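It should be emphasised that the depicted structure is a prediction, and the values quoted were computed from it without experimental measurement.
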Amino acid sequence: MLPKSSLYRSITAILKKDFLNELRSYYALSTLIMFILTALSSLSMSLGGITPAPHLLAALLWVILFFSAMAGLSRVFAQEADAGTLFTLKVYALPQAVYFGKLIFSFLLLAGINIILLPLFILFFNIDSPRFLPLLGILLLGSAGLAAVSTLTAAMSAQARGRSSLFTVLTFPLILPQFLSAIRLTGTILSAKPPTTGETLFLAGYAVAAITAGSLLFDFLWSD
Amino acid sequence: MPKTTTFALLLWLLTVTTLVFTIVPPALGLGYLVRIMFFHIPMAWVAVLGFLLSAWWAIRYLRTKQMRYHLLSSSAARLGLIFCLLATGSGAIFAKLTWGAYWNWDPRQTTIFILLLIYGAYISLEASVEDPARRANAAAVYTLFSFITVPFLVFIIPRFFESLHPEPLINNAGKIQMDSIMIGVLLAALAGITGLFLWLLQYWMKRRTTKVRE
């Protein structure tokens with residue numbers, strides 16, 4: 001077992017590399033932002049400016065977020081496979097460093113997306129007296145779980161045929177429990193009620209379980 | 001597998017089917033529709049059994065890296081998918097005849113649908129990864145990860161969807177609410193379909209291992 005500081009340094013190195021890469025190409029970020037804009041405007045336009053009921057709004061918000069994430073996040077490992085750096089990464093980096101580096105990178109990308117998505121969503125769907133902070137909190141909790149699952153599934157699908165559609169197919173069943181409870185919770189907040197502790201704990205619990213399981217299983221996936 | 005076992009299994013399944021259509025009394029409120037139950041419940045059980053076995057062999061594979069365990073895990077998943085489809089189909093027909101709609105996202109329908117999604121994703125994963133060792137690794141990891149979501153689903157689904165599904169065989173009070181003939185036939189059907197599952201599993205394993213050797 002290596003000392004903690006070494007793992008920490010490897011994680012930050014991977015994060016830094018990914019951010020630099022992203023800043024040079026804007027590939028994942030531009031896809032994510034444009035996908036969100038397209039999905040949001042197509043829904044808002046087709047509904048003609050009506051504000052749907054809270055639980056319907058919540059479902060729309062999460063469907064947009066899920067498919068946007070699916071459009072952008074497969075890039076996290078696919079880019080390494082395309083550039084031919086996957087093998088180098090396997091040789092030089094610790095599996096856990098790769099997992100947590102990519103996980104944090106995905107999470108930060110999703111967090112950035114949420115900060116753009118939420119105000120636009122409130123604007124497009126004319127939501128009166130939105131509770132911005134609780135909503136953002138739920139979105140971030142959901143993003144943590146989504147990042148944990150998608151890091152694993154992106155690694156699985158990076159070297160497969162038809163990887164971007166495979167990535168979505170693989171991720172959806174694994175994210176479902178969190179997806180359903182996040183929609184419920186978002187619906188509660190949108191109908192101007194305080195979020196229930198049980199559901200919030202469930203969401204946080206799922207994120208923790210997904211991160212732990214991902215970390216345990218990633219070693220097997222990475223060492224082939 | 002010896003021919004006598006195959007023959008005995010076939011005989012068993014035929015007898016159970018005959019019993020379902022002869023001695024099983026009509027159920028209160030369901031009438032003779034209750035006959036579907038003797039095929040539906042065992043199929044749903046085997047769909048879940050396939051998932052459990054697949055996860056178990058996935059662990060064995062990751063520990064030992066023996067291709068045999070991957071083949072077992074993958075065959076259990078594929079058979080599980082078939083039985084899952086049959087259970088979903090028979091359930092939908094039963095639902096239409098008793099509560100008026102093929103599909104209404106009842107908790108049990110949701111659960112079995114998620115199982116279908118997981119099985120489907122597993123098979124797409126296997127089909128898309130070319131390298132055998134990498135395919136086996138990814139498949140095992142996927143099965144185990146999907147296994148972790150199960151307790152969460154058990155918690156969230158009853159809160160999300162309303163249920164019309166008939167009471168489980170053994171209800172919360174721990175009492176069995178069923179005619180004794182029905183119970184007997186149902187247990188025989190459960191044993192028969194489980195036997196069929198295991199028979200198909202060994203048959204597929206034999207075919208797939210000879211294919212690997214060639």
Side-chain angles (χ1 to χ4, degrees), chain A residues 55 59 86 90 145 148-185 187 196 198-199 201-203 205-224, chain B residues 51 55 58-65 67 69-70 77 81 84 105 107 110-161:
Chain A
H55 63 274
L86 208 57
K90 275 187 187 177
V149 172
S150 72
T151 304
L152 209 73
T153 48
M156 267 177 210
S157 54
Q159 284 163 297
R161 276 171 283 167
R163 65 185 167 212
S164 54
S165 48
L166 180 68
F167 176 60
T168 313
V169 167
L170 291 179
T171 311
F172 186 63
L174 300 186
I175 206 69
L176 247 174
Q178 178 199 292
F179 190 68
L180 294 178
S181 80
I183 290 174
R184 257 176 82 90
L185 206 52
T196 48
E199 294 269 353
L201 277 178
F202 179 86
L203 214 54
Y206 191 77
V208 171
I211 292 169
T212 317
S215 157
L216 285 173
L217 290 170
F218 193 77
D219 282 353
F220 293 109
L221 200 61
W222 198 243
S223 63
D224 53 20
Chain B
F51 186 55
I59 297 177
R60 300 283 298 151
Y61 171 75
L62 288 180
R63 284 237 177 108
T64 61
K65 299 280 171 185
M67 233 14 177
Y69 290 120
H70 164 66
L81 174 70
C84 197
W105 295 110
T110 313
T111 318
I112 205 132
F113 194 78
I114 292 167
L115 198 57
L116 264 180
L117 283 178
I118 291 173
Y119 277 140
Y122 178 93
I123 284 162
S124 332
L125 177 66
E126 266 207 314
S128 329
V129 182
E130 279 174 62
D131 180 62
R134 194 174 285 147
R135 181 198 305 149
N137 265 336
V141 166
Y142 191 76
T143 313
L144 290 178
F145 205 112
S146 58
F147 200 72
I148 289 160
T149 62
V150 171
F152 289 95
L153 286 169
V154 169
F155 178 83
I156 187 75
I157 285 177
R159 280 161 188 75
F160 210 80
F161 305 99

### Message
Looking at R161(A), I want to see if its CZ is surrounded by more than 12 non-hydrogen atoms of other residues, nucleotides or ligands under 6.0 Å.
### Response
yes
Interface moiety of [X] toward chain B, non-hydrogen atoms closer than 4.5 Å:
X	result
A155(A)	neither
L166(A)	side chain
Q178(A)	neither
L216(A)	neither

Mind checking the [atom1]-[atom2] spacing from [X] to [Y]? Nearest 0.5 Å is all I need.
X	Y	atom1	atom2	answer
L217(A)	Y142(B)	CG	OH	12.5 Å
N137(B)	F220(A)	CG	CZ	9.0 Å
L180(A)	F152(B)	CG	CZ	13.5 Å
F145(B)	F218(A)	CZ	CZ	12.0 Å
L170(A)	L117(B)	CG	CG	11.5 Å
T149(B)	Y206(A)	OG1	OH	5.5 Å

### Query
In terms of heavy-atom pairs under 4.5 Å, which option from L125(B), L144(B), I118(B), V129(B) contacts chain A the most?
L125(B)
